[in-house]
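Below you'll find the structure, written out as structure tokens, and then a few comments.
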Amino acid sequence: MKIIAFGNSRHKRIAHNWALYLQRHKIENYTIYSLDQEIYDYLCKNNISTELLSLNIFEGQSWDWIERLKFIHNLLKKNINVLHSDLDAIWLKNPLSLIESEYDIVASTGTFPKDVCDRVGYTLCMGWICYKSSTIVKELFESVLNAKTHDNFDDQIEFNRELFNGNWQNLKLKTLDQSIVSRAQPHDKKTYVAHPLSSKHIDREQFLKSKNMWILE
């Protein structure tokens, strides 16, 4: 399994802090995909596992989510199991034991998009999710990418609507309670990964420090 995250120069210290938590758990099979030269040079200088990615995922103040989803799909097509984590999803404890091999997807949960949450009771959060490179997962990715319904593509909307509205009953799904991967509630001793909700354009470093989720000096 390959643990991956994405970031640009705005996130270089966030990425460094995130990686230090993984290193604390002796987790080494991760790669931070650097979306520009500045973060790549910074992470290399600090001995953080990274690769420079020539892909226009981030532009200005917004993310091109479909490009990220395509990139993950390409890894799956190479028969690589992928765990994607946002850089502000802090691994307070090692969650890898929660990923059991019989499941096609192991995911944290949220409430967006609302139409899916209202019907199912939860949604899959794309900020911490593990995909098995199984045939059905690759087919699900293809359906999401081929049937995108919005010009302004949001992977969490498209993925959840396809999964829960389509014919994917044979997909083996494991969802993790909010107490395990914490989003809307404060993290506590039960929490493995803390990924608190916040406004998009804030000082992410100060926010993580305020939540006691910062170990970078």
Side-chain angles (χ1 to χ4, degrees), residues 1-23 25 27-91 95-96 99 105-108 124-134 137-138 140-146 148 150-159 181 193 195 198 200-205 207-208 216:
M1 181 176 65
K2 188 177 183 71
I3 301 165
I4 67 171
F6 300 85
N8 70 355
S9 57
R10 288 176 51 213
H11 311 103
K12 62 185 181 182
R13 283 176 55 82
I14 311 301
H16 191 178
N17 182 67
W18 179 84
L20 290 180
Y21 274 95
L22 269 64
Q23 292 175 7
H25 305 310
I27 297 172
E28 297 181 354
N29 57 322
Y30 72 89
T31 300
I32 297 172
Y33 287 101
S34 293
L35 302 179
D36 58 43
Q37 192 69 44
E38 182 178 340
I39 186 175
Y40 176 76
D41 292 343
Y42 172 87
L43 294 177
C44 287
K45 179 181 178 181
N46 287 282
N47 298 313
I48 302 299
S49 178
T50 186
E51 291 182 22
L52 185 60
L53 187 61
S54 299
L55 192 63
N56 192 24
I57 293 177
F58 189 86
E59 183 66 33
Q61 296 294 317
S62 63
W63 290 83
D64 191 346
W65 301 117
I66 195 168
E67 293 301 326
R68 186 176 74 173
L69 208 65
K70 287 177 181 177
F71 183 84
I72 294 172
H73 186 215
N74 284 333
L75 292 177
L76 295 172
K77 288 191 291 185
K78 296 175 183 177
N79 296 318
I80 299 171
N81 298 333
V82 175
L83 194 167
H84 170 256
S85 175
D86 284 351
L87 291 171
D88 60 350
I90 304 301
W91 295 34
L96 298 183
I99 300 170
I105 293 177
V106 178
S108 59
L124 304 191
C125 177
M126 310 301 281
W128 200 95
I129 186 167
C130 184
Y131 309 99
K132 186 178 181 179
S133 60
S134 59
V137 171
K138 286 179 272 192
L140 173 59
F141 266 74
E142 289 166 5
S143 292
V144 172
L145 292 168
N146 291 336
K148 84 180 184 79
H150 294 77
D151 292 332
N152 187 18
F153 183 93
D154 185 298
D155 57 349
Q156 189 150 317
I157 293 175
E158 303 289 348
F159 201 88
V181 181
V193 178
H195 190 196
S198 64
K200 288 184 178 180
H201 305 301
I202 63 169
D203 185 326
R204 191 71 52 185
E205 178 174 336
F207 176 75
L208 292 175
L216 176 63

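No experiment lies behind these values; they were computed from the predicted model shown.
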Do [X] and [Y] come within less than 4.5 Å of each other through their side chains, counting heavy atoms only?
X   : Y    : result
L76 : S133 : yes
L35 : I39  : no
L83 : Y131 : no
L53 : F71  : yes
I4  : L75  : yes
S49 : E28  : no

Give, for atom CD1 of I72 and atom CD of E67, the distance between the pair rounded to the nearest 0.5 Å. 12.0 Å

Kindly assign one of parallel, tilted or perpendicular to the pair H73 and F141, based on the angle between their ring planes and the thresholds 30° and 60°. parallel

Short N-O contact, R68 and D154, less than 4.0 angstrom: no

Could you check T50 against C44 for side-chain contact (heavy atoms from CB on, under 4.5 Å), going step by step and ending with a plain yes or no? CA-CA 7 Å; T50 186; C44 287; 3.8 Å; yes

Treating W91 as the side-chain partner and W18 as the backbone partner, does any N or O pair qualify as donor plus acceptor under 3.5 Å? no

Between V82 and K132, is the side-chain contact (heavy atoms from CB on, under 4.5 Å) condition met? List the steps. CA-CA 7 Å; V82 175; K132 186 178 181 179; over 6 Å; no

How about Q23 and Y30: does a side-chain donor come under 3.5 Å of a side-chain acceptor? yes

No-hydrogen, no-angle side-chain donor-acceptor test under 3.5 Å, N17 and K12: no

For K2, which residues count as a salt bridge (charged side-chain N to carboxylate O under 4.0 Å, His left out) partner, sequence neighbours excluded? none

What about F6 and H84, are their ring centers closer than 6.0 Å? yes

Taking only residues two or more places apart in sequence, or in another chain, which ones meet A107 in a side chain to side chain contact (heavy atoms under 4.5 Å, CB included)? I105, L124, I129

